Amino acid sequence: MSSFQIPRRRLLALGAASLGSALLGGCDRLSEAPDFQAFLASAERLTYRSQRLLGEGRSMAREFAAADLSPVFKVNGTRAPEGEDYAALVESNFSDWRLRVDGLVVKPLDLSLADLQALPQRTQITRHDCVEGWSAIGKWTGVPLAAVLERAALLPAARFVVFHCADMYEHALDGTGQYYESIDLIDAFHPQTILALSLNDAPLTVGHGAPLRLRVERQLGYKQAKYVMRIELTERLSDIGRGKGGFWPDRGYEWYAGI
Ligand SMILES: Nc1nc2c(c(=O)[nH]1)N[C@H]1C(S)=C(S)[C@@H](COP(=O)(O)O)O[C@H]1N2
Ligand SMILES: [Mo]
């Protein structure tokens, strides 16, 4: 992908693009993608259709007050990624950790925690809903994903944002269990979609996804990828994991997990 030839005209257009037009461009490109067409044809994607096609794409998830915070926010799924690499990151307090942003971008990035902390931050108190039947209200602070994507500058072919995580999920014993998730460009540029660095005013614990996790507030718990190491911009989801856009979508759950 790094050998991509970017026509000069396109580069200029990208440089001039406002967030708004980048988003609109994203929608147009999305509706042309072949696997996206097949996806929309499926009747079970009704929440996706209604949010995306009936103009609710920019609606906000409900935000709560400090008084509503849950006394305990459960840890679910992976509690700590296995392996020496992650252990070494914890040991050094994530000083050697870098968030890689690559794929269909003009400018691949390697961002340290300090780099992310220097970007604009957003705080939101929202309710997390897990399919396993529990919910918790938490206060998340982090960098709007849009701010990172603007710095990397999307190439015209980019349609999906894929989050690659540090953990193999424990129940996947067949070796294909690397946790990952993905969202479309509408959610990627949504104001409540943030790369969270803290929960309830404290840096993320290992249980909650240290040092960085996704919050995509209009979707269910399994979309909220913990331990994000790499963000990849892609044209399609079919050649990642088992091809359905996420660890749980690969195992039968909805890719668009609208609440
Ligand atoms: N990397 C990674 N992200 C993940 C999971 C996981 O196992 N690994 N579990 C998901 C599920 S099902 C839920 S409900 C939430 C749980 O987040 P929490 O542990 O902060 O409550 O993380 C989601 N993101
Ligand atoms: Mo979940």
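Treat the numbers as computed from the prediction; the structure is a model and nothing was measured. Throughout, residue positions are numbered sequentially from 1 according to the sequence presented.
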How many angstroms lie between atom CZ of F64 and atom CD1 of I137, to the nearest 0.5 angstrom? 4.0 Å
Mind listing the closest non-hydrogen atom pair of L204 and A210 along with its distance? O-CB, 3.3 Å
Sequence neighbours excluded, every pair satisfying ring-ring contact (aromatic ring centres under 6.0 Å, His included) that has a member inside residues 197-217: F73-H208
Show the nearest heavy-atom pair for residues P81 and D167, with the distance to one decimal. CB-CB, 3.9 Å
Give a yes or no on whether the backbone of Q192 and the side-chain of Q124 come within a donor-acceptor separation of less than 3.5 Å. yes
My understanding is that only residues two or more places apart in sequence, or in another chain, count here; which of them pass side-chain contact (heavy atoms from CB on, under 4.5 Å) with A87? none
Considering non-hydrogen atoms only, spot the tightest contact between R151 and P120 and give its length. NH2-CD, 4.5 Å
Where R213 and Q224 come nearest, the two heavy atoms and their spacing: NH2-O, 2.9 Å
Determine whether the aromatic ring centres of residues Y179 and Y227 are separated by less than 6.0 angstrom. no
Give, for atom CD of E132 and atom CG of L220, the distance between the pair rounded to the nearest 0.5 Å. 11.5 Å
Tell me whether the guanidinium CZ or amine NZ of R251 lies under 6.0 angstrom from the six-membered ring centre of F247 and within 45° of its axis. yes
Is there a salt bridge (charged side-chain N to carboxylate O under 4.0 Å, His left out) between R122 and E63 once you walk through the steps? CA-CA 13 Å; R122 176 185 165 94; E63 294 195 18; 2.6 Å; yes
Shortest non-hydrogen pair, L111 vs W97, comes out as O-CZ3, 3.7 Å
Would you mind listing every salt bridge (charged side-chain N to carboxylate O under 4.0 Å, His left out) that reaches into residues 106-118, with sequence neighbours excluded? R100-D110
Min side-chain heavy-atom separation V101-V148 under 4.5 Å: yes
Might you confirm whether atom CD of E91 has over 12 heavy atoms from other residues, nucleotides or ligands at distances under 6.0 Å? no
If we only count heavy atoms from C-beta on, is the P249 to E181 side-chain gap below 4.5 Å? yes
Are any of the side-chain heavy atoms of L99 and L212 separated by less than 4.5 Å? yes
Are the side chain of Y180 and the backbone of I240 linked by a donor-acceptor contact shorter than 3.5 Å? yes
Ignoring hydrogens and geometry, is there a side-chain-to-backbone donor-acceptor pair from R218 to S59 under 3.5 Å? yes
Is it the case that the side chain of K226 and the backbone of G207 share a donor-acceptor pair, with hydrogens and angles ignored and the cut-off at 3.5 Å? yes
Does Q121 reach the main-chain N or O of L116 with its side chain, forming a donor-acceptor pair under 3.5 Å? yes
For a quick test of reading the model, state the closest non-hydrogen atom pair linking L149 to A188 and the distance between them. CD1-CB, 3.9 Å
What distance do Y256 atom OH and I183 atom CD1 have between them, rounded to the nearest 0.5 Å? 10.0 Å
Quick check against the 3.5 Å criterion: does D184 have a side-chain atom that pairs as donor or acceptor with the backbone of D187? yes
Regarding T126 and E217, do their side chains bring together a donor and an acceptor under 3.5 Å, going by distance alone? yes
Considering the options V216, I194, V161, which one meets the side-chain contact (heavy atoms from CB on, under 4.5 Å) requirement together with L145? V161
Euclidean distance, Q219 CD relative to T193 OG1, rounded to 0.5 Å: 8.5 Å
Between K139 and the options T123, D201, N200, the side-chain hydrogen bond (donor to acceptor under 3.5 Å, both in side chains) test singles out D201
Just checking, is any N or O donor in the side chain of S135 or D129 under 3.5 Å from an acceptor N or O on the other one? yes
Does atom CG (D239) have a neighbourhood of more than 12 heavy atoms from anything else shown, all under 6.0 Å? yes
Hey, is the main chain of A80 close enough, under 3.5 Å, to the side chain of T78 for a donor-acceptor pair? no
With rounding to the nearest 0.5 Å, note down the distance linking OG in S182 to CZ in R159. 14.0 Å
